[in-house]
Student: 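Dropping the structure in here first, questions after.
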There are 2 protein chains.
Amino acid sequence: MYSGSVSTPERLIEATRELLWERGYVGTSPRAVLQRAGAGQGSMYHHFTGKPQLALTAIRRTADEMRTTVEAVLGGPGSPSERIEGYLLRERDVLRGCPIGRLTMDPDVVADDELRAPVDETLDWLRERLAAVVEEGREQGEFASSLDGEEIAATIVATVQGGYVLARASGSTGAFDTAVRGLLSLLAAASPARTDV
Amino acid sequence: MYSGSVSTPERLIEATRELLWERGYVGTSPRAVLQRAGAGQGSMYHHFTGKPQLALTAIRRTADEMRTTVEAVLGGPGSPSERIEGYLLRERDVLRGCPIGRLTMDPDVVADDELRAPVDETLDWLRERLAAVVEEGREQGEFASSLDGEEIAATIVATVQGGYVLARASGSTGAFDTAVRGLLSLLAAASPARTDV
DNA sequence: GTCTATATCATGATAGAC
DNA sequence: GTCTATCATGATATAGAC
């Protein structure tokens, strides 16, 4: 429940962001949004044209927030491999999953180009950003020259997104951590400097 | 539409399996099931107690089918690394995603232990099965001794599940294939016999 | 066993009072 | 700008005819 000095549209957007994360687009009703935002029945249709536009606004904000959070790690200090490790080990609410990635399992989001666009753009940006860091690491001799930046980046993002699936299936975070450790061990074994065969 | 000599319960189960794959549990209504199965309004409640029990029956069948399909590859001929590659490169309807994994993004499935159980058990079985193959490969010197079977298995399953996310976000299969190629290149680079540094 | 009819509540949206 | 009706439709389930 958002209340106090925050404006009604703001409360509607935040309530929608939460519900989209928890229940997805199909599972989120205007009624539930209004209730969580503490707003009256018609008030959502005064500020937004309907559920799709409100959802689009919410998704865009979540996407922006995610880029900012990720860039703080990938664009921060440390060697390329340290930054990738930092991304993989960063604090996460694993059982809630990814607020952007989960939308790809929503049929009404995937079917609507406008709703899908911010999801696509965010995951695309993430892959490109990671690919650049991997390439940087390869130039510095941290990764084997046989590795391709875009491929490794896709594998990293996929491991994280799939890690959420495994964690949510089992109801515990263990499987996510295990998948990440496996990926880190592969990256370490793929280092030219390895001595652990 | 299933028709002909197939029984009504059978048609209801198959229609439910399709809809759960396409739209998830929350997005699948009894009405849609009945329509696709070509059955009358009340007929579903004669054979099943309601939507949850019908869905459970459908999910269990899909889970069984998936095990059989996977076991054909992982328990088939070839070296451990060849079988893992076979699993990763096997034919898939990538844009439809995984009929089991997608259910982990369904709030009503995750919240219900009975519905979540077959999802959890299937992904758990898959990880154990892959872990055994990885361990086998390690013993035969195909993989570096520093790798852990359970970890690599989790990474493999996560890459596939996350690959679906990336593919569905972009609306094309490319990102799935890229993620899989990345994982295969890491597995190759982690081979004791590599000469590609 | 299958069908039609019906009941109850939720969904997504609109109209109009204040 | 916000609120309380109100509406048509869909979701989930039951009753009872055939």
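Note that these values count all heavy atoms, side chains included, but never hydrogens, waters or copies made by symmetry. Below, read A as the first sequence line, B as the second, and so on, with proteins coming before strands; counting in each chain starts at 1.
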Student: Which hydrophobic side chains are connected to V26(A), either touching it within the sub-4.5 Å cutoff or through other members that do?
Tutor: V26(B)
Student: Grab the CG-P distance between L34(A) and dT4(D) for me, whole Å please.
Tutor: 11 Å
Student: Quick one: D108(B) CG to dA11(D) P, roughly how many Å, whole number?
Tutor: 14 Å
Student: How long is the span from the OG1 atom in T69(A) to the OH atom in Y87(A), to the nearest 0.5 Å?
Tutor: 11.0 Å
Student: Report yes or no: do S79(B) and E142(B) form a side-chain donor-acceptor pair below 3.5 Å?
Tutor: yes
Student: When you look at Y164(A) and R92(A), which way does the side-chain hydrogen bond (donor to acceptor under 3.5 Å, both in side chains) test go after all the steps?
Tutor: CA-CA 10 Å; Y164(A) 291 130; R92(A) 282 183 171 88; 2.9 Å; yes
Student: To the nearest 0.5 Å, what is the distance between NE2 (H47(A)) and OG (S7(A))?
Tutor: 7.5 Å
Student: Please tell me if T8(B) has a side-chain N or O lying less than 4.0 Å from either OP1 or OP2 of dT2(C).
Tutor: yes
Student: What's the CZ-P distance between R11(A) and dG1(D), to the nearest Å?
Tutor: 13 Å
Student: Please give, in whole Å, the distance from dT4(D) C1' to Q35(A) CD?
Tutor: 16 Å
Student: Roughly, in whole Å, what's the span from CG in L19(B) to P in dG10(D)?
Tutor: 16 Å
Student: Using whole Å, report how far CZ of R31(B) lies from C1' of dC9(C).
Tutor: 14 Å
Student: From the set dC3(C), dT12(D), dG12(C), return the single nucleotide nearest to any side-chain atom of S29(A).
Tutor: dG12(C)
Student: Are E151(A) and T178(B) close enough that a side-chain donor and a side-chain acceptor fall under 3.5 Å?
Tutor: no
Student: What are the residues of residues 45-53 of chain A, sorted by number, that bring a heavy atom to within less than 4.0 Å of DNA chain D?
Tutor: H46(A), H47(A)
Student: Between R23(A) and T28(A), does any side-chain donor sit less than 3.5 Å from a side-chain acceptor?
Tutor: no
Student: Would you say S43(B) places a side-chain N or O within less than 4.0 Å of OP1 or OP2 belonging to dT2(C)?
Tutor: no
Student: Counting heavy atoms from C-beta on, name the nucleotide in dT4(C), dA5(D), dA11(D) closest to the side chain of Q41(B).
Tutor: dT4(C)
Student: Please report, rounded to the nearest Å, how far the P atom of dT4(C) is from the CE atom of M44(B).
Tutor: 17 Å
